2 protein chains.
Amino acid sequence: MSTPGLTSSAAGSSQVEAANTEGYEAPAGITVDPVVFAPRAGRLCVLLVPRHLPPDAGRWALPGGFMSRHEAPEETAQRKLTEKTAVGHVYLEQLATYGSPHRDPRGWIPAIAYLALIDSAVLREDETEARWFPVDELPPLAIDHERIVHEGVERLRGKLWYSNIAVGLLPERFTLAQARQLYESITGVRHEVSNFRRTLEQSGLIRATGEVHQGPTGRPARLYEFIERTPSWSRRRSRIPALAGS
Amino acid sequence: MSTPGLTSSAAGSSQVEAANTEGYEAPAGITVDPVVFAPRAGRLCVLLVPRHLPPDAGRWALPGGFMSRHEAPEETAQRKLTEKTAVGHVYLEQLATYGSPHRDPRGWIPAIAYLALIDSAVLREDETEARWFPVDELPPLAIDHERIVHEGVERLRGKLWYSNIAVGLLPERFTLAQARQLYESITGVRHEVSNFRRTLEQSGLIRATGEVHQGPTGRPARLYEFIERTPSWSRRRSRIPALAGS
DNA sequence: TAAATAGTGTCTTTAAGACATTATCGC
DNA sequence: GCGATAATGTCTTAAAGACACTATTTA
């Protein structure tokens with residue numbers, strides 16, 4: 001998990017700088033910072049790692065790392081993720097780039113943030129130091145990572161009902177109660193059961209598998225799955241005024 | 001408008017590379033590429049500049065440039081814009097970052113793309129080589145700029161009805177006919193006049209100024225303005241199932 | 001008054017909000 | 001049968017779609 005070079009400097013004042021072969025200044029590096037979300041115990045949680053070195057030693061940070069010239073940023077995000085969580089496939093989507101030259105005291109180091117969603121079923125807390133925190137109970141975060149986490153939550157909330165983004169957070173087959181619980185934990189909004197069912201079914205994003213799941217008590221629940229597992233949009237009418245003919 | 005160093009190399013094979021003061025590889029540079037939209041003659045147009053140097057000499061490109069360590073990327077975007085269009089204020093919003101190390105033949109040069117919206121009233125075609133192209137009649141574009149333009153159009157379409165993003169494309173005071181014409185040119189969807197009026201008024205984004213505008217013929221049209229000129233969202237009900245109490 | 005453009009009224013349709021009811025399981 | 005959970009039915013409400021109509025200007 002070596003973060004080449006730039007981890008330890010700038011405690012005092014020396015900044016890392018870079019120049020290209022034509023003599024012009026260049027960024028000292030680029031980090032890729034995945035904002036990893038997963039539902040845990042009915043709450044939306046984010047994966048963080050403790051920082052042991054400056055800057056902001058003692059605070060928590062996104063499980064990111066430096067990008068190399070040999071991989072695309074999505075690949076870096078995926079790699080950092082598997083390094084720290086032993087999770088295979090994730091839903092990955094670029095969030096934003098934080099490029100102000102002064103955001104990182106080590107030097108000019110832009111960060112490309114990614115939204116990464118993990119199904120709780122494949123979660124694993126292992127020997128790494130990474131820990132999950134509910135998004136509404138964040139510890140002190142390094143640099144501008146708190147802002148990045150919040151923008152990740154906003155993105156997730158904004159797309160939740162209009163896309164199949166929840167495919168990344170639910171098991172392959174799920175009950176509507178599971179989905180409702182997840183949606184409520186993300187948005188903080190309670191939903192009436194039958195209306196939730198109707199709206200999600202009408203979205204065209206999910207379908208019943210025909211199987212059922214028997215809980216410890218009560219009527220068995222039907223299992224559903226997302227029709228598409230790759231990013232797609234709800235077919236619900238956009239509620240925007242248009243002429244029918246067009 | 002000097003683009004330091006990296007404009008001319010790599011015609012043959014030599015790539016620009018960079019390393020930081022700790023000896024690790026670094027990006028050769030970062031470009032900031034604004035996707036500048038403006039309505040012209042009833043069509044949504046994008047601002048492009050011709051490339052005279054490799055790579056992709058002869059093709060058109062976004063009016064971007066290299067970021068320096070002395071400005072934030074939004075400032076670079078704003079600067080490039082004023083250099084090339086003599087336009088003052090614009091609506092600026094980060095679009096995405098294209099960071100694959102192989103996207104630019106000159107070397108590892110990520111691009112941060114920005115969506116920039118300009119009111120047609122402050123447009124000016126001057127001595128620069130920049131030209132406007134309708135977004136549905138693009139010339140051959142350099143590198144991956146066509147993809148970037150398309151993602152810009154998608155972002156604009158997606159937010160059009162849910163935010164005041166059109167504030168960047170309309171004059172300070174506008175008639176509903178103007179707005180309708182703009183909305184139709186962006187989305188390609190025709191709107192019924194009275195429904196368009198009702199929906200836009202109910203969005204809570206605009207208000208009547210009390211003034212009217214007299215065209216060459218016909219009844220004078222009321223002038224409207226956006227209540228907020230900074231980014232904000234429609235207050236239209238989100239059409240998402242929720243319990244009223246929450 | 002005719003042509004042109006702006007604005008209103010209203011009925012229909014779609015989909016969400018509320019809430020009562022029925023269904024199916026283990027015990 | 002009882003408690004627990006899942007699923008259905010339906011009335012109300014909000015907002016878009018369609019379209020007929022009225023209003024105000026210039027020539």
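Because the structure is predicted, anything quoted here is derived from the model rather than measured. In what follows, every chain begins at residue 1, and chains take the letters A, B, ... in the order their sequences are listed.
Base contact: B:Arg198 has a heavy atom under 4.0 Å from a base atom.
The ring of A:Phe37 has its center no closer than 6.0 angstrom to the ring center of A:Trp132.
Interatomic distance, CD of B:Glu146 versus CG of B:Leu62, reported as 11.0 Å (0.5 Å rounding). Rounding to the nearest 0.5 Å places OG of A:Ser194 at 11.5 Å from CG of A:Leu176.
Residues B:Glu93 and B:Tyr114 have side chains that never bring a donor and an acceptor to within less than 3.5 angstrom of each other.
Note: CD (B:Glu201) to C1' (C:dT8) measures 11 Å, nearest angstrom. One can place CZ of B:Arg222 at 19 Å from P of C:dT5, the figure rounded to the nearest angstrom. In this structure, B:Leu200 atom CG and D:dA15 atom P are separated by 15 Å, rounded to whole Å. Rounded to an integer number of Å, the gap from B:Glu192 CD to D:dA15 P is 19 Å. The CG-C1' distance, from B:Asn195 to C:dT10, rounds to 11 Å in whole Å. Taking atom CD1 on B:Ile206 and atom C1' on C:dG7, their separation rounds to 14 Å, with Å as the unit. If you take CZ of B:Arg180 and C1' of D:dA16, they are 16 Å apart, rounded to a whole angstrom. Note: OH (B:Tyr224) to P (C:dA6) measures 12 Å, nearest angstrom.
Cation-pi geometry between B:Arg198 and B:Phe196 is not satisfied (NZ or CZ under 6.0 Å from the ring centre, within 45° of the ring normal).
Along DNA chain D, the nucleotide nearest to A:Ser194 and the one nearest to B:Pro220 differ in position, and the one closer to the 5' end is contacted by A:Ser194.
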Report all side-chain donor-acceptor pairs from residues 220-227 of chain B shorter than 3.5 Å, counting only partners two or more places apart or in another chain.
from, atom 1, to, atom 2, distance (Å)
B:Tyr224, OH, B:Glu201, OE2, 2.8
B:Glu225, OE2, B:Arg207, NE, 3.0

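Checking C:dG7, D:dA6, C:dG17 against every side-chain atom of B:Arg197, the shortest atom distance belongs to C:dG7. Comparing D:dT24, C:dA15, C:dG7 by their nearest atom to the side chain of A:Gln202 picks out C:dA15.
For the side-chain contact (heavy atoms from CB on, under 4.5 Å) test, residues two or more places apart in sequence or in another chain that qualify with A:Pro134 are A:Arg43, A:Cys45, A:Asp136, A:Glu137.
Of the residues in residues 212-219 of chain A, those placing a heavy atom less than 4.0 Å from an atom of DNA chain D are A:Thr217, A:Gly218, A:Arg219, in numerical order.
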